[in-house]
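Below is one structure, written out as structure tokens; the observations come after it.
Throughout, a chain's letter reflects where its sequence line sits, starting with A, and its residues are numbered from 1.
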Amino acid sequence: MSAPPNRFDPAEAEPRWMARWLESGALRGDPASGREPYVIAIPLPNVTGSLHMGHALNNTMQDVLIRWHRMAGREAEWVCGTDHAGIATQAVVEKMLAAQGINRREIGREAFLERVWAWKEQSGGEIINQQKRLGCTLDYSRERFTLDEGYADAVGRVFVSLYQKGYIYRDRYMVNWDPGLGSAVSDLEVEDREVTDSLVSIAYPLSDGSGEIVVATVRPETMLGDTAVAVSPADERYAHLIGRTVILPLVGRELPIIADEHVDPAFGTGALKVTPAHDPNDFEIARRHGLDEISVVGEDGRMTALAGDGYAGLTPLECRVKVIADLRVADGLRGEEEYTHNVPFSHRSGERIEPLLSLQWFCDMTKLAEPAIAAVKDRRVRFTPERFGRVYLDWMENIRPWCVSRQLWWGHQIPVWYRGQEIHVDIEAPQGDGWERDPDVLDTWFSSALWPFATQGWPDDTPELERFYPGHVLVTGRDIIFLWVARMVMMGIEFCDDIPFSDVVINPIIQAPDGRRMSKSLGTGIDPLELIDAHGADAVRFGLLLMASTQDVRFNEQRIQQGRQLATKLWNATRLVVDRGGRAGEAAPEPDLLGDRWIAEYLRQTVAEARHLVAEYDFSALADLLYRTIFDGFCDWYLELLKVGEGTPEVAGFVLEQLLALANPVMPFVTEECYAQLPGANADGLLRHPLAVAPWSQDERARQHGKHLIETVTALRAYKSENGIKPRDPLTVTFDARVPFDLPQTAVAALAHVTWTETPADDARSIGIELGRLLVSRPDVIIDIAAECGRVDAQLAATRAELARAERQLANPNFIERAPDHLVQAERDKATRFVAEIAELGAERSRLGCH
RNA sequence: GGGCAGUUAGCUCAGCGGGAGAGCGCCCGCCUCACACGCGGGAGGUCACUGGUUCAAUCCCAGUACUGCCCACCA
């Protein structure tokens with residue numbers, strides 16, 4: 001026979017427990033159970049993705065909620081699955097093919113999609129296994145993919161419905177064209193970067209030869225598509241020119257001079273060249289003034305035929321060089337200077353966005369937004385932290401049309417058919433010959449917007465949809481509040497007539513230890529799976545939660561170590577309790593001894609606080625509470641009291657079981673392993689264990705008495721330590737009570753290693769505690785009177801200062817009048833105590849013969 | 001240009017109207033029969049700055065200075 005090891009071994013235990021949970025069937029929410037459902041839809045990871053630190057925290061938070069509510073008796077369903085992630089996935093496969101020298105256009109759409117599916121089957125969704133490593137209890141049995149047959153059907157129906165309602169329309173409109181991708185991208189997929197360009201001034205001669213207007217531009221090549229020159233209506237310098245025309249250099253087109261509010265007279269020359277097809281502002285101006293829109297840059301990223309001979313076919317950059325050279329020859333250049341400004345880049349490909357006119361499908365969001373705004377305004381949907389609700393509202397109240405078509409192959413192909421001028425919008429192809437389907441696919445976010453209900457079988461009236469929609473909580477990152485959260489709220493209300501969730505919890509961002517972003521490309525990423533290998537999943541979960549607060553934090557591996565130490569602590573505490581005869585599954589014992597009564601009250605308070613923290617989504621405080629409760633309350637005090645006879649195995653076993661249940665949502669593996677060690681444990685493990693419900697009623701006396709006991713022991717230990725007395729060397733003590741209370745002297749003696757005596761020694765020292773004073777002396781030791789006097793004097797001075805502060809407060813009539821009574825009384829009590837202490841210290845001075 | 005956060009112990013962060021907290025690190029002492037991934041004790045903060053409100057301010061208000069993030073159409 002060998003004693004159990006004093007360390008919990010995560011690598012051995014974790015796969016074992018995960019397998020049991022998967023087999024248990026408890027992860028699959030049963031719509032017919034009759035229990036109140038508790039539903040979370042996971043922020044669906046990309047099928048190409050792997051678990052990073054952000055996922056690890058986000059998923060842990062959700063797993064805590066799911067496990068907590070499952071143990072609290074709710075029918076828990078955590079919706080599992082992955083996103084087809086159009087651009088990301090297509091890019092992965094294209095890259096693979098490129099390595100083999102294959103271009104997707106060569107093999108064609110069908111063959112390409114076959115390759116993507118093959119990749120998806122083989123290498124996709126690895127992140128699901130990684131979620132299992134973390135201990136996540138998702139409903140893996142209902143894993144969904146956004147391109148599943150049923151899901152795709154839901155996407156098609158939503159598109160058709162929105163079209164029929166008149167929200168979806170096709171328009172030739174200014175889009176963010178990503179030349180790297182060869183597709184339009186939405187406003188939200190664009191990021192500004194600071195770039196230094198050359199600001200070129202170009203002279204546009206007036207048609208009548210009476211002079212010229214100079215305009216400034218950073219994109220001289222787009223002048224080939226100019227259709228006007230605009231000035232501010234308030235600009236007197238140009239007032240007389242409005243309505244007249246200029247000749248576009250190099251092209252010869254006659255352009256009107258127009259007045260538009262958008263023009264800032266203070267910028268450059270105060271005159272703006274208007275290129276409606278390649279600048280969002282110019283586009284707006286053109287629509288206001290009915291100007292022509294001439295596309296000189298094509299979707300292939302090259303100058304079009306409309307750019308004119310000598311320019312067509314060039315890249316915009318090549319064209320820019322040629323335009324400038326040609327202008328120089330024609331004496332049209334009036335200046336050139338360096339200019340730093342913000343330029344849009346594609347979030348996806350990293351290439352500079354080419355704004356251009358393109359025929360795309362758009363969704364008008366104004367009608368959809370209205371009820372989604374109301375839902376947040378009247379707090380049917382609540383954000384945590386609250387400030388993100390305002391971020392959501394600001395965006396929603398200024399919502400713009402959503403470009404939903406993407407020029408990709410991997411995704412939901414748009415359910416629209418064309419034949420000549422005819423357009424047919426439906427999931428099914430229309431009857432008759434000659435119809436061609438729109439080759440474009442929908443923005444990935446269009447399908448993820450349906451996640452909360454498309455996963456439950458919508459549009460069919462399934463039991464799951466009935467019970468599991470609407471869900472309860474969404475835990476996600478703030479970077480997708482607009483991309484995803486807002487759109488889920490809108491779509492949920494539109495198609496299911498109800499909000500998809502009532503709480504949106506925004507998880508913080510964990511930065512690299514140096515404060516930079518954690519990213520693979522920067523080399524600042526830390527792999528959570530490696531942390532799990534090193535410290536165990538429980539430690540990683542605990543550490544991440546402890547780090548997380550309502551603001552972004554720097555990653556701190558010490559917090560993970562704390563988690564590992566807590567796991568070890570629990571493991572060893574369990575060994576002790578088992579050794580002392582503690583059991584699980586017993587009815588709550590009635591505590592009698594002080595230690596038992598104290599821990600019962602302590603547990604009762606801890607449970608109440610933990611419930612409150614979960615309801616508030618304060619995971620960091622929850623982790624901290626568990627740590628303090630287990631280390632300080634349970635191990636350092638209660639188990640030590642148990643050893644010295646102030647506790648019983650019955651209470652120890654019961655409290656440990658409760659604590660394991662309480663900690664289980666945060667640290668599922670080690671708590672299961674510990675629980676399984678307890679005789680009498682439920683064979684199913686903690687997964688089906690009802691969450692800790694402290695059965696005892698409030699016991700204020702137990703709390704007070706425990707506090708006094710702790711204070712006494714602590715004071716004696718400190719005295720020893722400060723006086724160089726080794727912990728186990730003798731010290732005799734007499735208790736002179738100021739407050740009536742039966743100190744459990746045996747326990748104090750054992751915990752502080754002191755000996756009680758009836759009468760204090762002549763040279764006894766006094767230690768002030770709230771209860772009264774402890775008179776201590778050390779036998780067989782000659783006291784250094786001078787040093788002792790010094791200590792007493794220092795203490796005396798400190799206490800006098802405290803008294804002075806209290807008296808100053810009490811001397812202030814405003815304080816007496818306006819401060820709450822209990823605070824005034826507390827101040828009076830303190831003053832009284834300080835006076836008593838000063839008297840005691842004075843008595844000690846004379847006893848020692850200090851001067 | 002707007003908006004939102006942050007500035008508290010050497011480090012990472014809690015606290016947010018009534019005598020400054022945690023973990024780690026540091027110092028001292030303990031291999032106490034669950035645990036040295038442990039136990040006991042201790043040192044260490046004009047709570048960024050300036051005003052204001054209040055009997056009372058790290059905490060509320062205004063402003064300043066840095067830091068970070070989001071939104072925005074100035075060529």
> Where do Arg564(A) and Gln561(A) land on the side-chain hydrogen bond (donor to acceptor under 3.5 Å, both in side chains) test, with the steps shown first?
Replying inline: CA-CA 5 Å; Arg564(A) 193 185 56 191; Gln561(A) 282 166 9; 5.4 Å; no

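- Using a 4.0 Å heavy-atom distance criterion, Thr714(A) is classed as a sugar-phosphate-only contact.
- Among the heavy atoms of the strands, none lies under 4.0 Å from Glu827(A).
- Contact check, Arg559(A) against rG23(B): no side-chain N or O comes under 4.0 Å of OP1 or OP2.
- For Lys643(A), a side-chain nitrogen or oxygen approaches OP1 or OP2 of rA34(B) to under 4.0 Å.
- rA9(B) and rU58(B) have their P atoms separated by 15 Å, given to the nearest Å.
- Listed pair Gln565(A) / rG38(B) meets the phosphate criterion, a side-chain N or O lying under 4.0 Å from OP1 or OP2.
- Looking at Arg833(A) and Glu770(A), no side-chain N of the basic residue comes within less than 4.0 Å of a carboxylate O on the acidic one, giving no salt bridge.
- Picking from rG18(B), rA34(B), rG41(B) the nucleotide with the shortest atom distance to the side chain of Cys635(A) gives rA34(B).
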Using atom types as modelled, flag every donor-acceptor pair under 3.5 Å from a side chain in residues 537-554 of chain A to any protein atom, sequence neighbours excluded.
residue	atom	partner	partner atom	Å
Asp538(A)	OD1	Phe669(A)	N	3.1
Asp538(A)	OD2	Val670(A)	N	2.7
Arg541(A)	NE	Val666(A)	O	2.9
Arg541(A)	NH1	Asp63(A)	OD2	2.8
Arg541(A)	NH1	Leu134(A)	O	3.0
Arg541(A)	NH2	Asp63(A)	OD2	2.8
Arg541(A)	NH2	Pro665(A)	O	2.8
Ser549(A)	OG	Gln551(A)	N	3.3
Asp552(A)	OD1	Arg478(A)	NH2	2.7
Asp552(A)	OD1	Ile509(A)	N	3.0
Asp552(A)	OD2	Arg478(A)	NH2	2.4

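- Taking only side-chain nitrogens and oxygens, Gln562(A) never comes nearer than 4.0 Å to OP1 or OP2 of rU12(B).
- Of the residues in residues 619-634 of chain A, those with a non-hydrogen atom less than 4.0 angstrom from any atom of RNA chain B are Phe631(A).
- At rU12(B), one or more side-chain N or O atoms of Arg554(A) fall inside 4.0 Å of OP1 or OP2 (strictly under the cut-off).
- Taking 4.0 Å as the cut-off between side-chain N and carboxylate O, Arg800(A) and Glu837(A) do not count as a salt-bridged pair.
- Rounding to whole angstrom units, CD of residue Gln551(A) and P of rG6(B) are separated by 6 Å.
- Per the geometry, CD belonging to Gln809(A) stands 13 Å off C1' belonging to rU54(B), to the nearest Å.
- We find that CG of Asn556(A) is positioned 11 Å from C1' of rG25(B), with the value rounded to whole Å.
- Within 3.5 Å, no donor on the side chain of Lys726(A) pairs with an acceptor on the base of rC30(B), nor the reverse.
- The side chain of Arg387(A) sits closest to rC4(B) out of rG41(B), rG18(B), rC4(B).
- Between rA34(B), rC4(B), rG23(B), one nucleotide has an atom nearer to the side chain of Leu576(A) than all others, and that is rA34(B).
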>> Please evaluate residues Tyr339(A) and His341(A) with respect to the criterion ring pair (Phe, Tyr, Trp, His ring centres under 6.0 Å), reporting the C-alpha separation (whole Å), side-chain torsions for both, the decisive distance (0.1 Å), and the verdict.
In response: CA-CA 6 Å; Tyr339(A) 182 67; His341(A) 62 147; 5.2 Å; yes

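- For the pair Thr568(A) and Phe555(A), both in contact range of RNA chain B, the more 5′-proximal nearest nucleotide belongs to Phe555(A).
- Rounded to an integer number of Å, the gap from His347(A) NE2 to rC69(B) P is 13 Å.
- Place Arg564(A) and Ile816(A) on RNA chain B by their nearest nucleotides, and Arg564(A) ends up nearer the 5' end.
- Taking the six-membered ring where the residue is Trp, Phe631(A) and Tyr627(A) present parallel rings, their angle staying beneath 30° rather than reaching 60°.
- Pro813(A) comes within 4.0 angstrom of no nucleic acid atom, judged by non-hydrogen atoms across all strands.
- Note: CG (Asn572(A)) to C1' (rC33(B)) measures 14 Å, nearest angstrom.
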Show the distances under 3.5 angstrom between N or O atoms of the protein and N or O atoms of nucleotides 71-75 of chain B.
residue	atom	partner	partner atom	Å
rC73(B)	O4'	Asn281(A)	OD1	3.1
rC73(B)	O2'	Asn281(A)	OD1	3.3
rC73(B)	O2'	Asn281(A)	ND2	2.7
rC73(B)	N1	Asn281(A)	OD1	3.2
rC73(B)	O2	His262(A)	NE2	3.1
rC73(B)	O2	Asn281(A)	OD1	3.2
rC74(B)	O2	Asp264(A)	OD2	3.4
rC74(B)	N3	Asp264(A)	OD2	2.6
rA75(B)	OP2	Tyr339(A)	OH	2.6
rA75(B)	O2'	Ala216(A)	O	2.8
rA75(B)	N6	Asp264(A)	O	2.7
rA75(B)	N6	Phe267(A)	O	2.8
rA75(B)	N1	Asp264(A)	N	3.3

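- The nearest whole Å value for the distance from the CZ atom in Arg390(A) to the P atom in rC70(B) is 18 Å.
- Residue contacts for Thr574(A): at a heavy-atom cut-off of 4.0 Å it reaches no nucleic acid atom on any strand shown.
- Within the 4.0 angstrom heavy-atom criterion, base atoms lie near Lys830(A).
- Using a 4.0 Å heavy-atom criterion, one finds that Ala573(A) contacts the bases of the nucleic acid, with or without backbone contacts as well.
- One interatomic measurement links the two molecules: CG of Asp394(A) to P of rG3(B), which rounds to 11 Å at whole-angstrom precision.
- Close to rG42(B), at under 4.0 Å from its OP1 or OP2, lies no side-chain N or O of Lys720(A).
- Taking side-chain N and O atoms only, Asn6(A) has a distance below 4.0 Å to OP1 or OP2 of rA36(B).
- The nearest whole Å value for the distance from the CG atom in Asp636(A) to the C1' atom in rG41(B) is 13 Å.
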